[in-house]
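Contents: one structure, followed by commentary.
Order of listing sets the numbers, starting from 1, for every ligand and every atom in it. Not measured: the values here are computed from a predicted model.
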Amino acid sequence: MDCVENYKNIKKTLPENVLLLAVSKTKPEEEIMKLYDFGCRDFGENKVQELSKKYEVLPKDIRWHQIGHLQTNKIKYIIPFVYMIHSIDSIKLAEEVNKQAAKHGRVVNCLLQIKVAEEETKFGFSINEVADLFKNNAFAALKNIKLCGLMAMATNTDDETEILKEFSAVKNLYNSLRVNCQVGEEFKEISMGMSGDYPLAVKEGSTIVRLGSTIFGERDYSQKNGEV
Ligand SMILES: *Cc1c(COP(=O)(O)O)cnc(C)c1O
């Protein structure tokens, strides 16, 4: 099935308020254009170099979402145009994004990545850490980033109970920040759910699902030359 059919079929199963973010990493521009022509405007990428290249050649009204870990020295390449950064995983990165955004006279939408998965490798703030940061007003001075909510990845497992537990922890953190901390009205997104687990994420209150392989098919990394 082609990506437009897949996109349509998935969209039908999602509540109105949930954004279907098409994760187009490793996929060619022609595939992105098929979805674009259908009306999709939100695309996610995880490599700065690939994102910048696609931005250059594709229509300028696409909203580009950076979803993967971002190195501070690469922020400058995407800051002029990126719509939302889902992967703010340290205060240092938040400060650096803020600084670069100020240089470009922009206020950039950002999500705080929360580490809930069992895996060692996942980036992000712990739940306690992020609550403390808000209590200490750690983000208050960062006027060029707009904190729009939270992002998380669940453990890659077939154990649905574990996945639900992790998504539910993110939702609880979100609720508690809304009630107990000075988050703004714009703090309203929960980006969680990938191809393998998005129905569970939606059940737990996700507002953005990030889907790659269920839309575009499996990714083939064999042609890649080790870009990071
Ligand atoms: C690749 C990626 C996705 C999409 O993964 P699929 O399993 O193909 O849907 C979602 N989120 C992040 C952060 C990713 O890197």
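- Atoms of ligand 1 lying under 4.0 Å from at least one heavy atom of G212, given by number and element, are 4 (C), 6 (P), 8 (O), 9 (O).
- The shortest N/O to N/O separation between S213 and ligand 1 falls below 3.5 Å.
- With S191 as the fixed residue, the side-chain hydrogen bond (donor to acceptor under 3.5 Å, both in side chains) test singles out one of Q113, H65, H86: H86.
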Practice task
List the steps, then state whether side-chain hydrogen bond (donor to acceptor under 3.5 Å, both in side chains) holds for T72 with E96.
Solution key: CA-CA 7 Å; T72 48; E96 200 56 34; over 6 Å; no
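- In terms of protein heavy atoms, atom 12 (C) of ligand 1 is closest to I67 CD1, 3.5 Å.
- In the vicinity of S195, heavy-atom distances shorter than 4.0 Å reach the ligand 1 atoms 6 (P), 7 (O), 8 (O), 9 (O).
- Using a cut-off of 4.0 Å between Lys/Arg side-chain N and Asp/Glu carboxylate O, E30 and K34 are scored as not salt-bridged.
- In summary, of the residues considered (R210, K25, K54), a salt bridge (charged side-chain N to carboxylate O under 4.0 Å, His left out) with E45 occurs for K54 alone.
- Nearest protein neighbour of atom 11 (N) of ligand 1, counting heavy atoms only, is R210 NE, 2.9 Å.
- Residue-level proximity to ligand 1 for K25 is carried by the side chain, the only part with a heavy atom below 4.0 angstrom.
- Remark: R63 fails to qualify as a cation-pi partner of F43 under the 6.0 Å distance and 45° angle criteria applied to the six-membered ring.
- Within the 4.0 Å heavy-atom cutoff, H86 does not count among the residues contacting ligand 1.
- Scanning all protein heavy atoms for the shortest distance to atom 5 (O) of ligand 1 gives M194 CE, 3.6 Å.
- Other residues, nucleotides and ligands place no more than 12 heavy atoms under 6.0 Å from the CG atom of D158.
- Using cut-offs of 30° and 60° on the angle between ring planes, the pair H69 and F123 is parallel.
- Residue contacts with ligand 1 include L211, since one or more of its heavy atoms lies under 4.0 Å from the ligand.
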